[in-house]
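Written out below as structure tokens is the structure these notes cover.
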Amino acid sequence: MNAAKKVIIDCDPGIDDALALMLALASPELEILGITVVCGNVPARMGAENALKILKQMGRMDIPVYIGEESPLVRTYVDAMDTHGEDGLGESHYPEVTKMRPRTGAVQFLARMLEQAAKAPEEAKISIIALGPMTNLARLMRQYPESLAGLGELVSMGGSYKSHGNCSPVAEYNYWCDPHAAGEVYAGFAALPVLRGKRIHMIGLDVTREIVLTPNLLEYMCCLNPERGDFIRRITRFYFDFHWKQEGIIGCVINDPLAVAYFIDRTMCSGFAAHTEVETEGICLGQTVVDDHDFWKREKNSHILTKTDALRFMKFFFTRVIGECEEQVLEELMGRVLR
Ligand code: BDR
Ligand code: CA
């Protein structure tokens, strides 16, 4: 078996971040060096407390959690508690974890780890799966650009290529929350010599919208694994209600776990390479502008994922987080998304 890939998960838990962390923690292909938290769905401190709750649930209190940036680079911070609940975990109100506490200094932690990996062969470098706004990463790029020599790959849940936004007609939340940070990170991948040849893998709404957790799937989870199923039920209840009110679907779109699945298995999504920029002003604030026709002849700084197989993803998620399941049952239960 190949050695586990070293990874840091930068996130803003968040209900779907929580599911993504559960998936990552249940995946032997990953060696999770730490979890860094950024302000996004909830303030960074609350997100870090939530990360600890997930670690406790998964019996993985060996992984450190670091609090990162508490406000976007330029914009006033706008949380997404309307979507994720006042505690960020769907108002499940699980008790605070007191055995272990979050540490401060997420950006410094990222820099330290990446610096240590700077001279390592490509396969031993450290990758980042980014599930929230890119503020921590932009600060890292500003303050410690040389540390990026230790970066393996960057997979980011964010943006949108052809699908409509979820914060405006064109903008997805993570990039809309801190468009300047996202813009700087994409620009850095086009310009910094230390990142030459690397591309951000953009898992945007085009693919994540395909991933819908339905009430039937949730019931199947509870039948197969009552303990995990109940935890997921408690944290997603609020999310279900939000999706019904906001999007008119019975079920909830779980964006972030797809980025983890794709990082582990590249055949989970497919797409194309392109130069991408992020709009930082006006009515298109936060929009990802993907030069799919190469008008600008600029460095291809991104790999834009446009297609996925929802059934394969669901089987991947169930098998790891819940336990053995039947594909045919999953397929039937997935066929019932009401839109
Ligand atoms: C993204 O925004 C957040 O609300 C979710 O956690 C996800 O990372 C989807 O737009
Ligand atoms: Ca997130």
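All values below come from the heavy atoms of this structure, side chains included, with hydrogens, waters and symmetry mates left out. Order of listing sets the numbers, starting from 1, for every ligand and every atom in it.
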Would you call the rings of Tyr94 and Phe231 parallel, tilted or perpendicular if under 30° counts as parallel and over 60° as perpendicular?
tilted
Once the angle between the rings of His293 and Phe295 is folded into 0 to 90°, is it parallel (under 30°), tilted (30 to 60°) or perpendicular (over 60°)?
parallel
Taking N, O or S atoms only and a limit of 3.0 Å, check whether Leu131 reaches the Ca ion (ligand 2).
yes
Spacing of Asn136 atom CG and Arg139 atom CZ [to the nearest 0.5 Å]:
9.5 Å
How many angstroms lie between atom CG of Asp17 and atom CE of Met22, to the nearest 0.5 angstrom?
13.0 Å
Checking one value in my table: which N/O/S atom of Asp12 lies closest to the Ca ion (ligand 2)?
OD1
Which atom, counting only N, O or S, brings Asp256 closest to the Ca ion (ligand 2)?
OD2
Just need the protein heavy atom nearest to [atom], so name the residue and atom and give the distance.
{"atom": "atom 8 (O) of ligand 1", "answer": "Asp256 OD1, 2.7 Å"}
{"atom": "atom 6 (O) of ligand 1", "answer": "Asp16 OD1, 2.5 Å"}
{"atom": "atom 4 (O) of ligand 1", "answer": "Asn41 OD1, 2.7 Å"}
{"atom": "atom 1 (C) of ligand 1", "answer": "Glu172 OE2, 3.2 Å"}

For the ring pair [X] and [Y], is the centre-to-centre distance below 6.0 Å?
{"X": "Tyr186", "Y": "Tyr175", "result": "yes"}
{"X": "Phe272", "Y": "His303", "result": "no"}
{"X": "Tyr220", "Y": "Phe318", "result": "yes"}

So is there a nitrogen or oxygen of [X] less than 3.5 Å from a nitrogen or oxygen in ligand 1?
{"X": "Asn255", "result": "no"}
{"X": "Tyr239", "result": "no"}
{"X": "Asp17", "result": "yes"}
{"X": "Leu131", "result": "yes"}

Please identify which atoms of ligand 1 are closer than 4.0 Å to at least one heavy atom of Met157.
1 (C), 7 (C), 8 (O), 9 (C)
May I ask you to list the atoms of ligand 1 that are less than 4.0 angstrom from any heavy atom of Asn166?
9 (C), 10 (O)
Within reach of ligand 1, part of Thr208 (heavy-atom separation under 4.0 Å)
neither
Check step by step if side chain to side chain donor-acceptor pair (under 3.5 Å) holds for His164 and Arg209.
CA-CA 10 Å; His164 60 279; Arg209 277 215 166 91; 3.2 Å; yes
Would Asn166 and Trp176 count as a side chain to side chain contact (heavy atoms under 4.5 Å, CB included) here? Give the steps.
CA-CA 9 Å; Asn166 56 7; Trp176 174 87; over 6 Å; no
Sub-3.5 Å donor-acceptor pair from the side chain of Asp16 to the main-chain atoms of Asp256, do we have one?
yes
Is the closest heavy-atom distance from Asn174 to ligand 1 below 4.0 Å?
yes
